[in-house]
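Have a look at the structure below before the remarks.
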Amino acid sequence: MRLARRSRTLTVVGARTALIIAALVLVEALVRGGLISPFALAPSSEIIEKIVGLVRDGTVVGPLLQTLVEVAITFVVVAIAGVFVGFCSWRWGLLRRSIEPLMLAVYAIPTIVFYPILLVVFGIGAPSVMAMGFLLGFTPIVLGVRDALGSVDPVLVRMATVLGATPLAKYAKVIFPAALPGVGAALRLGFSYVVIGIISGEFLVSTGGLGKLVANYYDGFQVSSMYAAAVFIVLLSAVINSLLERLK
Amino acid sequence: MSFRVNPAIVLVVVALAIWQAAGAGTSSFVTVVGTPVTVARAFAIVVSSQSTWVNVGITALELLVGLSVAIVLGLVVSLGMGTDGIAHEVVSPFFTIGNTVPKIVILPAFLMLFGIGFLSKAAFGALHGVFPIAVIVSSGVRRVIASEQVRAATALNASKRQIVFHVLLPSVLPYLVTALRLSVSLTLLGVVLAEMYLAKAGLGFMIMRWYGEFQVPKMLSAVILIGALAFTLDFILRRFEAAIWRTHGIRANS
């Protein structure tokens, strides 16, 4: 049984690797074979070479650090604000009924359309970019935290009351621990939204960061560097997201 | 008849009133952004202009084309990987993770491959829209295949074809509608993003043009238009989704 599962895992990992290699070969062949112009797509080998170059010669370090700092600060702020508002909207029905329809409405709108408003208010630079990350991350955290608290089994709470728990103990020992997995999921989702918001803002209008790096290469017609930076960002966020996924 | 005030509407009205009242002062925020009244005036001008509706039409068409591509691709992927356990395990992480990475950084690739214009905008929309369909519908297919309906149909000697058309597809329908709602808002996001970056037409283009010209009330009017479009589509699809889950949803057996 265990052996069977192991061979299944091997098959899956092998198939995934094969898929990735096939995609790389396809891209290489399309460009080398002249089916796609080298001004539109770079061969895989060149992209990989440039990624190594970006990391080795330190080009990526400055933008990477800037983006990471922006993400870190924004995530801490949005996590605190989102958990707080999520808690309040779970606790007080009036607040929930006032803000929830608005948040759901905003959720349906492509949030990036608010970015120019942020640019007008905060100017071009890190504050606008971070505000964009905040806007994108806030709603999923608030809604997720409220759902997590709302789905705590009322039997547990009643049980605690019967056993004479003080209100404080009820929160600290029963409600919060029970809601923790849901809150964690909300924060994880919020994190990837913050990253998306910040890199989108950087890419559209900004003064620096990873998103700006790609936009600069595009403006300078540096096709292979542009692909290298884009692939680097996608891989980086995929790795971070799957690490966070594993954390649960 | 009891009269109940919707607190969300009260909140919006209060916020607008504060914004308008701030306009009486001389805060720099208000001189740049305008007041609700100046924005409303700009909105009236914007919606009475014919070029606005040309741009709305372009965005809507890009959304429609992008969405169609996303649905077809998403369904092909879902049926392909949903009906096979191993294939699902192999491919689904690409879609789950792809859903959470900042796809904007590959927008230049779309501009280079499809050119600046309609095609790249619709394709970029499709790129955003395909993920929820692939993820949700394929998990729906997995769930339906494990359900009693399929076992019952197999026991009754239904052919594979009959199972797909008479059991699988009708049971997957609710998942498709849920996925469709998310896909519509994400495709719109992709389309608008592409319009905001480098385009000559569309609602996103209008926003960035008026941002560049510093015509903030007009820019806000375009934001309101996109918001209204997104909200209306979401509202209709939510209704539809609720109705279809009521009538078609399989009872959870998982």
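Order of the sequence lines fixes the chain letters, A, B, ..., with proteins taken first and strands second; residue numbering starts at 1 for each chain. Note that the structure is predicted; figures quoted are calculated from it, not measured.
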Legend entry - Rounded distance [0.5 Å steps], OH in B:Tyr197 versus OH in A:Tyr218: 6.5 Å
Legend entry - Set of residues satisfying side chain to side chain donor-acceptor pair (under 3.5 Å) with respect to A:Ser225, sequence neighbours excluded: none
Inset, instruction - With a 4.5 angstrom heavy-atom cut-off, could you sort out which part of A:Val205 is near chain B: side chain, backbone, both or neither? - result: side chain
Legend entry - Region of A:Pro101 that comes under 4.5 Å of a non-hydrogen atom in chain B: side chain
Legend entry - Side chain / backbone / both / neither for A:Ala215 at chain B, heavy atoms under 4.5 Å: both
Inset, instruction - Could you check which of B:Asp234, B:Thr100, B:Thr96 has the highest count of heavy-atom pairs closer than 4.5 Å to chain A? - result: B:Thr100
Inset, instruction - Name, in order of residue number, those residues of residues 108-115 of chain A that have a heavy atom at a distance of less than 4.5 Å from a heavy atom in chain B; otherwise write 'none'. - result: A:Ala108, A:Ile109, A:Pro110, A:Ile112, A:Val113, A:Phe114
In residues 56-65 of chain B, what donor-acceptor pairs under 3.5 Å come from side-chain atoms, sequence neighbours left out?
unit_1, atom_1, unit_2, atom_2, d
B:Thr59, OG1, B:Asn55, O, 3.2
B:Thr59, OG1, B:Glu195, OE1, 3.3
B:Thr59, OG1, B:Glu195, OE2, 2.9
B:Thr59, OG1, B:Leu203, N, 2.8
B:Glu62, OE2, B:Lys121, NZ, 2.8

Inset, instruction - Specify the closest pair of heavy atoms between A:Val214 and B:Pro108, including all atoms of both residues, with the distance to one decimal. - result: CG1-CG, 4.0 Å
Inset, instruction - Flag the pair B:Met196 / A:Leu204 as yes when at least one side-chain heavy-atom distance between them is below 4.5 Å, and no otherwise. - result: yes
Legend entry - Part of B:Leu11 within contact of chain A (heavy atom distance under 4.5 Å): side chain
Legend entry - Contacting region of A:Ser242 [heavy-atom separation from chain B under 4.5 Å]: side chain
Legend entry - Which atoms of B:Leu229 approach chain A - backbone, side chain, both or neither, heavy atom under 4.5 Å: neither
Legend entry - Portion of B:Leu186 that has a non-hydrogen atom of chain A nearer than 4.5 angstrom: neither
Legend entry - Minimum heavy-atom distance B:Pro93-A:Arg16, with the two atoms named: CG-NH2, 3.4 Å
Legend entry - Residues A:Val234, B:Lys103; criterion side chain to side chain contact (heavy atoms under 4.5 Å, CB included); working and verdict: CA-CA 7 Å; A:Val234 169; B:Lys103 287 184 275 296; over 6 Å; no
Legend entry - Note, A:Thr9 side chain near B:Glu89 side chain (heavy atom, < 4.5 Å): no
Legend entry - Greatest number of heavy atom pairs closer than 4.5 Å to chain B - which of A:Glu100, A:Glu202, A:Arg97: A:Arg97
Legend entry - Heavy-atom contact with chain A under 4.5 Å, split by part of B:Phe94: side chain
Legend entry - Under 4.5 Å from any heavy atom of chain B - which part of A:Phe203: both
Legend entry - Note, A:Leu104 side chain near B:Arg238 side chain (heavy atom, < 4.5 Å): yes
Anything under 3.5 Å between a donor and an acceptor, one on a side chain of residues 17-37 of chain A, the other on a protein residue two or more places apart or in another chain? List them.
unit_1, atom_1, unit_2, atom_2, d
A:Thr17, OG1, A:Val13, O, 2.6
A:Glu28, OE1, A:Ser44, N, 3.2
A:Glu28, OE1, A:Ser45, N, 2.8
A:Glu28, OE1, A:Ser45, OG, 3.1
A:Glu28, OE2, A:Arg32, NE, 2.9
A:Glu28, OE2, A:Arg32, NH2, 3.3
A:Glu28, OE2, A:Ser45, OG, 3.0
A:Arg32, NH2, A:Ser45, OG, 3.3
A:Ser37, OG, A:Phe39, N, 2.8

Legend entry - Check against side chain to side chain contact (heavy atoms under 4.5 Å, CB included), B:Val90 and A:Thr11: CA-CA 9 Å; B:Val90 171; A:Thr11 316; over 6 Å; no
Legend entry - Which portion of B:Val191 sits near chain A, non-hydrogen atoms under 4.5 angstrom: neither
Legend entry - B:Tyr211, part contacting chain A, at a heavy-atom distance under 4.5 Å: side chain
Inset, instruction - Could you have a look at B:Val192, B:Val216, B:Leu193, B:Ile106 and say which one has the most heavy-atom pairs with chain A under 4.5 angstrom? - result: B:Leu193
Legend entry - Check: B:Ile97 main-chain N/O paired with A:Asn241 side-chain donor or acceptor under 3.5 Å: no
Inset, instruction - Give the member of B:Ala87, B:Ala109, B:Ser185 that has the highest number of heavy-atom pairs under 4.5 Å with chain A. - result: B:Ala109
